[in-house]
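Report on one structure; see the data block that follows.
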Amino acid sequence: MSRLLVLLNRLKAEARPDWLTDSQRTAVDEIQRLWRFPERVNLYGPRGSGKTFLAWSAARASDAFLYPSPRIYHASATPGTARVVIDNAPDDGMALRRLLAELQLNGSQRALIITTLPNRLGLVTVALPQPTPQDVDIVHRNLSLLDYYNLSPHYDDNLWSIISQVL
């Protein structure tokens, strides 16, 4: 198994709310508030902003089932799952409408749908901004807690790039 895959699996397995950056914590708080009503929330942000890590942490904290993509949701969704998080959802309206219809048919009461761009269908949105230098420091700290160190910390506005630098 590749070193990157091993690291990603550890991050996913150990994702905790106290590992979130300030902007991710703000987004999770807003998602939790919005999950009371309405039932569908769209988290969006640029690539490398930490949406997937936030999804892992939010799913774990709220007992939601995480699907890494709509394709996997379509193939393996269990009807009646109360809370779902779907990463890498489509930005285009038709594909997103199909996903929303399937969520309704499956009886999912709450859904966090993660996209790169905000939806145009009227779903309530929560934006995750580009990472700040403080966010990067938190990512470096989290990686060191997993015994992955970068002797010369790499600063980038893409958190995936930072993760790959420690390998």
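One is the number of the first residue; the rest follow in order along the sequence.
Note that CG of Leu7 is 5.0 Å distant from OH of Tyr148, once rounded to the nearest 0.5 Å. To the nearest 0.5 Å, atom CZ of residue Arg97 and atom CG of residue Asp92 are 10.5 Å apart. One finds the CD atom of Glu39 at 11.0 Å from the CZ atom of Arg83 (value rounded to the nearest 0.5 Å). Note that OG1 of Thr21 and CD of Gln134 are 10.0 Å apart. Values are rounded to the nearest 0.5 Å. Atom CD1 of Ile31 is separated from atom CZ of Arg36 by 13.5 Å, given to the nearest 0.5 angstrom. The distance from the CG atom of Asn142 to the NE2 atom of His140 is 10.5 Å, given to the nearest 0.5 Å.
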Check against side chain to side chain contact (heavy atoms under 4.5 Å, CB included), Asn9 and Val6: CA-CA 5 Å; Asn9 284 337; Val6 169; 5.9 Å; no

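The environment of CZ in Arg10 is crowded: more than 12 heavy-atom neighbours from other residues, nucleotides or ligands sit within 6.0 Å. Around the CD atom of Gln32, the shell of radius 6.0 Å holds more than 12 heavy atoms that belong to other residues, nucleotides or ligands.
Side-chain contact between Asp135 and Thr132 is present, with at least one heavy-atom pair separated by less than 4.5 Å. Contact check for Ser76 versus Phe65: no side-chain heavy atoms found under the 4.5 Å cut-off. Contact of the Asp91 side chain with the Leu96 side chain is not registered, since no non-hydrogen atoms from C-beta on lie closer than 4.5 Å. Between Asn88 and Arg71 there is no side-chain heavy-atom pair separated by less than 4.5 Å. Using a 4.5 Å heavy-atom threshold, the side chains of Arg141 and Leu145 count as touching. Trp19 places a side-chain heavy atom less than 4.5 Å from the side chain of Glu14. For the pair Ile86 and Leu99, the minimum side-chain heavy-atom distance is below 4.5 Å. With a 4.5 Å cut-off on side-chain heavy atoms, Phe53 and Leu8 do not count as touching.
Under the 4.5 Å side-chain heavy-atom criterion for Ile, Leu, Val, Met, Phe, Trp and Tyr, Leu43 and Leu34 are members of the same hydrophobic cluster. Leu11 and Ile138 fall into different hydrophobic clusters, where Ile, Leu, Val, Met, Phe, Trp and Tyr residues are linked whenever their side-chain heavy atoms come under 4.5 Å apart, directly or through other members. Val166 and Leu159 fall within the same hydrophobic cluster, where Ile, Leu, Val, Met, Phe, Trp and Tyr residues are linked whenever their side-chain heavy atoms come under 4.5 Å apart, directly or through other members. Residues Val84 and Leu66 do not share a hydrophobic cluster, clusters being chains of Ile/Leu/Val/Met/Phe/Trp/Tyr side chains in contact below 4.5 Å. No single ILVMFWY cluster, assembled from side-chain heavy atoms under 4.5 Å apart, contains both Val85 and Tyr44.
Among pairs with a residue in residues 48-67, those fulfilling side chain to side chain donor-acceptor pair (under 3.5 Å) read Thr52-Asp87, at least two apart in sequence or across chains.
A donor-acceptor contact shorter than 3.5 Å is absent between the side chain of Asn106 and the backbone of Ser108. A donor-acceptor distance shorter than 3.5 angstrom exists from the side chain of Ser69 to the backbone of Ile72, with no hydrogens or angles considered.
For Ile162 against Leu143, the heavy-atom pair with the smallest separation is O-CD1, 4.3 Å. The nearest pair of heavy atoms linking Arg110 to Arg40 is N-NH1, 4.0 Å. Closest non-hydrogen pair, Pro131 versus Gly48, comes out as CG-O, 3.5 Å.
When the side chain to side chain contact (heavy atoms under 4.5 Å, CB included) test is applied to Thr26, no partner is found at least two apart in sequence or on another chain.
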Identify every side-chain donor-acceptor pair in residues 111-128 under 3.5 Å, counting partners at least two apart or on other chains, and give the distances.
residue	atom	partner	partner atom	Å
Thr115	OG1	Asn42	ND2	2.9
Thr115	OG1	Leu117	O	2.6
Asn119	OD1	Leu121	N	2.9
Asn119	OD1	Gly122	N	3.1
Asn119	OD1	Leu123	N	3.0
Asn119	ND2	Asn42	OD1	3.0
Asn119	ND2	Leu123	O	3.3

